[in-house]
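Here is the structure we will look at.
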Amino acid sequence: MKRIAILLVIVMFLSACKNSKSDNKSENENTKPVSLTAAGATFPLPFYNMAFETYTKNTEILLTYGGIGSGGGIRSLKDKVVDFGATDAFLNQKEEAELTAPIVHIPTCIGAVVIAYNLTGVEGLKLSNQNLIDIFMGKITKWNDAQLKATNPGLKLPDMNISVVHRSDGSGTTYIFSDYMSKINANWEQSVGRGKSLQWPVGMGAKGNPGVAGTIQQTVGAIGYIGSEFAFAQKIAFAQIENSAGKYIAPSLESISASAQGEIPSDTKVMLTNSSDPNAYPISGFTWLILYKDQNYGGRSKAQAEETVKFLSWIIEKEAQTMAQQVNYAALPEKAVETAKEILKTVVYNGEPLIKK
Amino acid sequence: MLNGEKITKTILFLASLSIILIASGMVLSLMEGTIPAFNKFGLKFITSTDWNPTEGKESYGALPFIVGTVVTSVIAIIICLPLAFSTSLFIGEIYRGKKIASFIGTMVDMLAGIPSIVYGLWGFYVLRPWIVEMGFNDQGYGVFTAGLILAIMVIPYATSISVEMIKMVQNDLKEAAYSLGATRKDVVFNVILPNARSGIFTSYILAFGRALGETMAVTMLIGNSNIIPKSLFDTGNTMASLIANQFGEADGLKLSSLVAIALLLFVITGLINGLGKMLIKKI
């Protein structure tokens, strides 16, 4: 008898839970403010964390961002489980065709990939394009190699093996780096190519920017590539890179934003690497938020669509862009902001533009 | 009327059934996920050394990771063997019942409970610099370093099971041997070992199985190069570590290849554990 009583209590409790849950839900739809979910690239994570938090504080719109990698961001958008995704590499035609509906790209800031190294007593290392290629192809294996000495006549380079460190996980950082390497060297383009992860001819892998940075900092003689925001925040030694004008440029917010001074196509889908600007740091790139052009999908409400576009219009404007600089990204140039605004005007809900002209 | 025993039986039955459902569901979904990879590469997937995710040239093979997994685990077992064997004899026979034995026994159990990330961190900051200092290689990463950390991680497993097996040897046998004038050495090698042999062997099999699937600590120390290591101090990668590293960005054929590697790992560890179970039954 006692057992039955307990069982009954449990059953009642369970059904009560179920009821209260469904009650809440119907209430939510009417009163609770809209919440937006996004996921994707880890490269702009510090910026997004800050911007999302500030925006939530100011507007009471609950924003959540999952830093799961660009590939994950694209997949989440494809599965329609997020309001918008984030990626460091724009989707090519084939990738866009795999989605069920057209999407748009909104650039949010500019980051760079720096070549970090660990050599005691060596500061201001310079790397020519050929040096960079030879090191990451495994042709230069010693720090006192004659070619490195020729680029750095003033430096005392030690007789030490070079330990190349690259990312072991797929990453937009790797994409930007390999895109640059492919642009400066045809041999690299053919044998290694560009991608979020690669078949590396040499070196060892570490997970994430923190992994690569940690490995470099722990290993004398190491060299590798990491996101500029991370290198700046961690004060890691990085090399000056020869740009397309033949000048050696250290990565800085100025030299990174210089890379975006050229023409920007109307869909903003452009890689900024190897910029022709003589003051530009050559391994730079946009990072994008991506969203469906028609926001009426998967049962999303119009309010949700409106808030999505509102947030995206905010993140490209001055307040958010200043935040980007605080966490070591370069702000979008004026032209890119204008282009992005035009793109946002084309986003619709049931064929109706969400931003009124 | 509902009856207590019946309810209990039903609940127990449902719980056990759920284990079968979960396990078979896992295998099925893994198998489904591997279809694109095996369709494309066939059995070459197991023998190919390529791991090229570049678009247009995509080609995946599991051999470097199978080699990396087996080599690190074998290194681990070779290092673990003498240590775990001596410790288990110490705890289970020579100092059995003494305070020192129970203290060491507790320490062994504690080592078994340390999360793998802690081993990894210790390996990264302490073990790796030693490897560099001793001049084995330039950066301290590699299959040997990973094998070493795995050895430390699996010693407690091998030890505690071995201790139980040694303790299970009947006292009558040992006493009989002593009464015949056998020395302690004689008893250990002629009475205890022959009796506990298959149990001790099983403990190593289980330790090996655990070493195969260990992920975090290995990822932090192996160097994550997707190639077959040329020497013990070369960097490499294991199956589990590769999956942990690459699943985030993976899709399409690459995702399918990672799932295929997961299935291979599942099968290999399943076989190893099955072997262990078979041997333990023979006691």
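Bear in mind the structure is a predicted one, so any value in this text is a computation, not a measurement. Lettering of chains follows the sequences in order, A, B, ..., and the numbering in each one begins at 1.
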Regarding A/K80 and the six-membered ring of A/Y292, is the cationic atom NZ or CZ under 6.0 Å from the ring centre and inside 45° of its axis?
yes
Assert top hit (heavy-atom pairs under 4.5 Å, partner chain B, pool A/G193, A/G195, A/S70, A/S163) equals A/S70
Count the heavy-atom pairs under 4.5 Å between each of A/K207, A/R75, A/M204 and chain B, then report the option with the highest count.
A/M204
Qualifying residue for side chain to side chain contact (heavy atoms under 4.5 Å, CB included) with B/L263, from B/L258, B/L30, B/I268
B/L30
Which region of [X], side chain (C-beta onward) or backbone (N, CA, C, O), has a non-hydrogen atom less than 4.5 Å from a non-hydrogen atom of chain B, or is it both or neither?
X	result
A/K196	side chain
A/S171	backbone
A/R167	neither
A/A222	neither

Mind ranking B/S59, B/S225, B/G140 by heavy-atom pairs under 4.5 Å with chain A and telling me who comes out on top?
B/S225
Working note: A/V192 + A/M137, criterion side chain to side chain contact (heavy atoms under 4.5 Å, CB included); need CA distance, chi angles, decisive distance, verdict.
CA-CA 9 Å; A/V192 186; A/M137 291 279 253; 4.0 Å; yes
Portion of B/N137 that has a non-hydrogen atom of chain A nearer than 4.5 angstrom:
neither
Considering only heavy atoms, which portion of B/T54 lies under 4.5 Å from any heavy atom of chain A: side chain, backbone, both, or neither?
both
Are the side chain of B/R128 and the backbone of B/L221 linked by a donor-acceptor contact shorter than 3.5 Å?
no
Verify the ring-centre separation between A/Y117 and A/F238: is it less than 6.0 angstrom?
no
Between A/Y225 and A/W200, ring centroids under 6.0 Å:
yes
Could you walk me through whether A/K142 and A/M160 pass side chain to side chain contact (heavy atoms under 4.5 Å, CB included), step by step?
CA-CA 6 Å; A/K142 287 262 183 196; A/M160 187 181 263; over 6 Å; no
